Structure formats: C-alpha cells, structure tokens
Amino acid sequence: MTKEDRYKSLLPQAKALCESESDMIAKMANISALLHTTFGFWWTGFYRVAPASSPSPKDNAEDHVLILGPFQGPLACTRIPFGRGVCGTAWKERRTVVVPDVEKFLGHIACSSESRSEIVVPVCKEDTVIAVLDIDSRELGTFDETDRRNLETLVRYL
Ligand code: SME
C-alpha cells in the first residue's frame, strides 16, 4: 500500500471521528492515535496555542505559548514559545514546515534524540492558528508533499 493509499483510507475515518465529536481535545486524541497507528511514526501529537500565564485582555501572540496536547509516543517538552523550534516556526509563519533532517534545522527543539525528520502543520480557525500537529520520524526524509497535502486536509476536519 502506498502512502497516498493509506491517507485515502485514513481521511474518511478522521472526518467521521471529527464530525461525531465536538470536543477539541477528544478529536485531537483520536486523530493522534489514528495517524500514529496507521503509519507507525515515532511521535504524533498536538500542541495548543494557550495563554502563557493567566489570561490577559491583550490578545497578541507574545502572550501565548504552545502547550502540549494529546499525543502518542514518548514524553515530550510541554511548552514551546512563539517562533521557537519547528512548531513555533509553523505557528509564527502560519505554514506547514517539513524538515527532512532535524540536525539541519536551526533552532530545532530535540524532545527526543531519536527523532530525525519532522513535519508540523498549523491548525487554523477563522485565520487564527489555534494549534499545531507535530509528527516526528526516526528516519531521515520521511515527510514530503503527499504528507503535507493530506495532513493539511486532515487538520481542517478538527
Ligand atoms: N521538535 C519540535 C519540538 C516538539 S517534539 O518534536 C515532540 C520543535 O522543534 O518544535
């Protein structure tokens, strides 16, 4: 089965899971499990954009941070600032970031020394990034255009 075939069968399942549940944490938990078990990634999960401390009336990105959400895989760092690491970069630049070799990404945050390549996809609601989907692989160059396109479709179901 090709990677494209796997996504073809996974996307309708992901859509059904998201349509039958309104709670974002529950949806993120099942989407992480679905991706992780389908592809056997090293780490699959979400970081949510959340207030860095107590909620402030100001609503700019500097008051917020990425906080660890539902995931599958080994323990991970819990907070990532705006613009930091692959996740913070995808949040700041509001675009998917594909990293074929994490050692060549300046500022990569190594939650696990096993991780060799990574993809981070922003999750947007009404033009605002509310979370990122982060996937790590133990092999170099795991993620490509097929992953980017299919994962961008998937996060729109959330
Ligand atoms: N490598 C990420 C940090 C999160 S872990 O991979 C789970 C980054 O550079 O943002």
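Indexing begins at 1, ligand by ligand and atom by atom, following the structure's order. Only heavy atoms go into these numbers, but all of them, side chains included; no hydrogens, no water, no symmetry mates. Keep in mind that what you see is a predicted model, and the values were worked out from it rather than measured.
Taking any N or O of D136, backbone or side chain, at least one lies under 3.5 Å from an N or O belonging to ligand 1. Looking at C87 next to ligand 1, an N or O pair under 3.5 Å apart turns up. Close N/O approach between I80 and ligand 1 is not found [any backbone or side-chain N/O within under 3.5 Å].
Listed by number with element, the atoms of ligand 1 under 4.0 angstrom from any heavy atom of H108 are 1 (N), 9 (O). In summary, the atoms of ligand 1 found under 4.0 Å from a heavy atom of G85, numbered by their order in the structure, are 9 (O), 10 (O). The contact set between ligand 1 and E118, taken as ligand atoms under 4.0 Å from a residue heavy atom, comprises 1 (N), 2 (C), 6 (O), 8 (C). Close approach of ligand 1 to C111 (heavy-atom distance below 4.0 Å) involves ligand atoms 3 (C), 4 (C), 5 (S), 7 (C). Listed by atom number, the atoms of ligand 1 under 4.0 Å from W43 heavy atoms are 7 (C).
In this model, no donor atom of one side chain and acceptor atom of the other lie less than 3.5 Å apart for S112 and W43.
With hydrogens and angles ignored, the 3.5 Å screen pairs no side-chain donor or acceptor of R48 with any backbone N or O of I25. At distances below 3.5 Å, at least one donor-acceptor pair connects side-chain atoms of S117 with backbone N or O atoms of T142. Between the side chain of R94 and the backbone N or O of D127 there is at least one donor-acceptor pair closer than 3.5 Å.
When the options T89, I109, V86 are ranked by their closest heavy atom to atom 1 (N) of ligand 1, first place goes to I109.
Under 4.0 angstrom from ligand 1, the non-hydrogen atoms of D134 all belong to its side chain. Of the heavy atoms in F105, none comes closer than 4.0 Å to ligand 1.
Ion pairing between E145 and R149 fails under the 4.0 Å rule for side-chain N and carboxylate O. Between E152 and R148, at least one side-chain nitrogen of the basic residue sits less than 4.0 Å from a carboxylate oxygen of the acidic one, meeting the salt-bridge criterion.
Closest approach of C124 to V129, counting heavy atoms only: SG-CG2, 4.0 Å.
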Take F39 and F143 through the ring pair (Phe, Tyr, Trp, His ring centres under 6.0 Å) test and state the conclusion after the steps.
CA-CA 12 Å; F39 290 101; F143 306 102; 8.9 Å; no

